[in-house]
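Each remark here refers to the structure printed beneath this line.
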Amino acid sequence: MRVKRLPKDPGPAGWDKLLPRRDPTAPLSEEIDTDWLVIGAGFAGLAAAQRLSQLNPTDRVTILEAVQVASGPAGRNSGFMIDLPHDLTSNDYGGDADRDRAQIRANRHAIAYAHEIAEAAGLGVESFDPCGKVNGAATEKGQAHNASYAAHLASLGEPCETLNATDMRAMTGSDYYRGGLFTPGTVVIQPAAFIQGWAASLVSNRVTLYESSPVTALEPDAGGWRAQTPAGAVRAAKVILAVNGHIASFGVRARALMHVFTYASMTRALTGTEVARLGGQARWGITPADPMGSTVRRVSGPGGARIVIRSRFTYEPSLEVSDAALARVVRTHDAGFAARFPMLRGVEMEHRWGGRLCLTRNGVGLVEEARPGLWTACVQNGLGTVRGILSGLAAAEAASGRVSEITRQVMAEPAPVRLPPEPIATLGARAVLRWNEWRAGREL
């Protein structure tokens, strides 16, 4: 497997910029041997490495991260660990009842695991907040989506609370939303702080992390595998690939993966006068009632009070998007911010960035033994915080021969459905995204 390219994530992520500067671990600069190699230090990779160290307490685990921890997709998401069904391809996030119940159990398993990580890493409420979330509706159509989702949750026996426009104004300070649907089980995180804290707590005399060490080649070697980096190499008995959509660059299931970028903007820190003018609560998180709409968060902490808005999707099979494309897309953020928060006119966006999602047509992940001794923990379908953790745990358990009920559930998913040939796949995907964003209307 010759890896000829690395994905390009546009713009430094604002979450990382809010954190104090850290000294990254040194890149790999020699040839080493290890028992287990994990490629990727995002949610899936760190979960795999931690579970391997738990199941194999005398083994050495090595993690290779292509960039610096949290500067890739794991530190670029909106920061929602969602326990409930959240199907981005549906109108109201719901799906088949039996599958949704199984997914809820699995998601809560991942969140419980993340809670233990947060405690071990000493993360505060700014980084790991079990506060729930709200599906915000700005239109009658959005209200109808929320009502449909609430009915689905009721059929599953899951609690939720309908909010009216007054409730939404009290929370956000904005008159933009007609209503909302609160669900209590979501944890809202500062993704870069969570990933950096997790990585720091995981590194030990048996778990070694090398940053800025992209794998350029991966090949069988004497009963195991050899991973080449620009300045070194790792020989391991078993490997877990935890690189989400970048797995296509290794030649694995390339014709079954859909590569989508989504985009975010973060304001500068609000002044005290602006905070008073805005009103509302100090921290809150809104996901859109329409899956194609805008996710909006207010964060407070050492970096000050800020608003983050995430919206727009583009289909990019090259795993790259230009800075010019980012500049075009995020104009939507400025318009959405101005419409939601007219009292904050003049507040500039300080950080803008894009991040990669990987999806399959049938909404399944990719946890499998792709080659003897080579396991994958990839494809989270836009839910990387929880499904990334689940796939990492499942790959580690399966590779160790210690399969739990959750692992059996993750690995029981069918194979990803192949995409149509090019250019049909790209033209079709881009047309569907544009159509659905247009239909979202004011939810965007």
Side-chain angles (χ1 to χ4, degrees), residues 15 18-19 38 41-55 61 63 69-70 73-86 100-134 153 156 158-160 182-204 207 209 242 282-285 287 295 297 299-302 365 377 380 382-397 402 404-407 409-410:
W15 300 117
L18 293 182
L19 300 177
V38 177
F43 288 93
L46 294 182
Q50 180 152 334
R51 192 66 179 131
L52 288 172
S53 69
Q54 292 169 339
L55 295 173
V61 179
I63 309 168
V69 167
R76 292 170 175 267
N77 64 73
S78 296
F80 291 86
M81 289 186 166
I82 300 172
D83 62 328
L84 296 174
H86 200 76
D100 282 352
R101 288 190 181 94
Q103 191 63 57
I104 291 169
R105 288 193 298 272
N107 290 351
R108 288 176 177 163
H109 178 79
I111 291 172
Y113 197 82
H115 191 268
E116 294 176 1
I117 292 161
E119 288 189 337
L123 298 178
V125 70
E126 295 88 1
S127 302
F128 190 88
D129 188 359
C131 59
K133 73 172 183 68
V134 172
L153 293 179
L156 299 175
E158 293 294 336
C160 59
F182 172 75
T183 51
T186 290
V187 173
V188 181
I189 65 172
Q190 207 282 38
F194 183 86
I195 288 291
Q196 287 187 12
W198 188 1
S201 69
L202 180 57
V203 171
S204 66
V207 180
L209 167 66
R283 286 190 299 272
W284 45 262
T287 51
T295 296
R297 285 184 59 180
V299 297
S300 296
Q380 283 94 52
L383 300 173
T385 56
V386 290
R387 293 195 67 166
I389 291 173
L390 288 171
S391 62
L393 295 177
E397 291 182 357
R402 302 276 293 276
S404 67
E405 179 182 352
I406 293 296
T407 294
Q409 177 183 322
V410 171

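Note that the numbering runs from 1 along the sequence shown for the chain.
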Over all heavy atoms of both residues, which pair between Gly79 and Asn77 is shortest? Give the atoms and the distance, please.
-> N-OD1, 2.6 Å
Heavy-atom pair with the smallest gap, counting every atom of Ile104 and Leu156 | CD1-CD1, 4.1 Å
Contacts of type side-chain hydrogen bond (donor to acceptor under 3.5 Å, both in side chains), residue Thr407, not counting sequence neighbours = Glu397, Ser404
Closest heavy-atom pair, Leu393 versus Ala47, reported as atoms and distance to 0.1 Å, is CD2-O, 3.9 Å
Heavy-atom closest pair, residues Ala44 and Ala377 | CB-O, 3.6 Å
With Glu126, which residues qualify under salt bridge (Lys or Arg N to Asp or Glu O under 4.0 Å), at least two apart?
-> none
Applying salt bridge (Lys or Arg N to Asp or Glu O under 4.0 Å) to Arg108 and not counting sequence neighbours gives Asp83, Glu158
Show the atom names and distances, to 0.1 Å, of all donor-acceptor pairs under 3.5 Å that link a side chain in residues 189-204 to residues at least two apart or in another chain.
| residue | atom | partner | partner atom | Å |
| --- | --- | --- | --- | --- |
| Gln190 | OE1 | Ala192 | N | 2.9 |
| Gln190 | OE1 | Ala193 | N | 3.1 |
| Gln190 | NE2 | Trp15 | O | 3.0 |
| Gln196 | NE2 | Asp16 | OD1 | 3.0 |
| Trp198 | NE1 | Gln50 | OE1 | 2.7 |
| Ser201 | OG | Gly197 | O | 3.4 |
| Ser201 | OG | Trp198 | O | 2.9 |
| Ser204 | OG | Arg206 | N | 3.2 |
| Ser204 | OG | Val207 | N | 3.3 |

Identify the heavy atoms of Thr287 and Thr295 that sit nearest to each other, and give their distance.
-> CA-OG1, 4.2 Å
Contacts of Gln54 that satisfy side-chain hydrogen bond (donor to acceptor under 3.5 Å, both in side chains) - sequence neighbours left out | Arg51, Tyr113
Would you indicate whether the side-chain heavy atoms of Arg283 and Val188 approach each other to under 4.5 Å?
-> no
Report the residues that fulfil side chain to side chain contact (heavy atoms under 4.5 Å, CB included) with Ala41, sequence neighbours left out, ordered by chain and then residue number.
-> Leu46, Ile63, Glu65, Val69, Leu209
Closest non-hydrogen atom pair between Leu390 and Ala106, with its separation | CD2-O, 3.2 Å
Any pair with a residue in residues 385-395 that passes side chain to side chain donor-acceptor pair (under 3.5 Å), sequence neighbours left out, goes on the list, sorted by first then second residue, please.
-> Gln380-Ser391, Arg387-Glu413
With sequence neighbours excluded, tell me which residues meet side chain to side chain contact (heavy atoms under 4.5 Å, CB included) with Pro184.
-> Pro159, Phe182
Value rounded to 0.5 Å, distance of CD1 in Ile389 from CG in Leu383 = 12.0 Å
Looking at CZ of Phe128 and CD1 of Ile111, how far apart are the two atoms once the value is rounded to the nearest 0.5 Å?
-> 7.5 Å
Mind checking side chain to side chain contact (heavy atoms under 4.5 Å, CB included) for Ala102 and listing every partner two or more places apart, or none if nothing turns up?
-> Arg105, Gln409
Would you mind reporting whether Val38 and Leu52 have side-chain heavy atoms less than 4.5 Å apart?
-> yes
Sequence neighbours excluded, every pair satisfying salt bridge (Lys or Arg N to Asp or Glu O under 4.0 Å) that has a member inside residues 186-196 | none
What distance separates Ser127 OG from Leu19 CG, expressed to the nearest 0.5 Å?
-> 7.5 Å
So CG of Leu123 and CD1 of Ile117: to nearest 0.5 Å the spacing works out to 9.5 Å
What residues form a salt bridge (Lys or Arg N to Asp or Glu O under 4.0 Å) with Arg101, not counting sequence neighbours?
-> Asp98
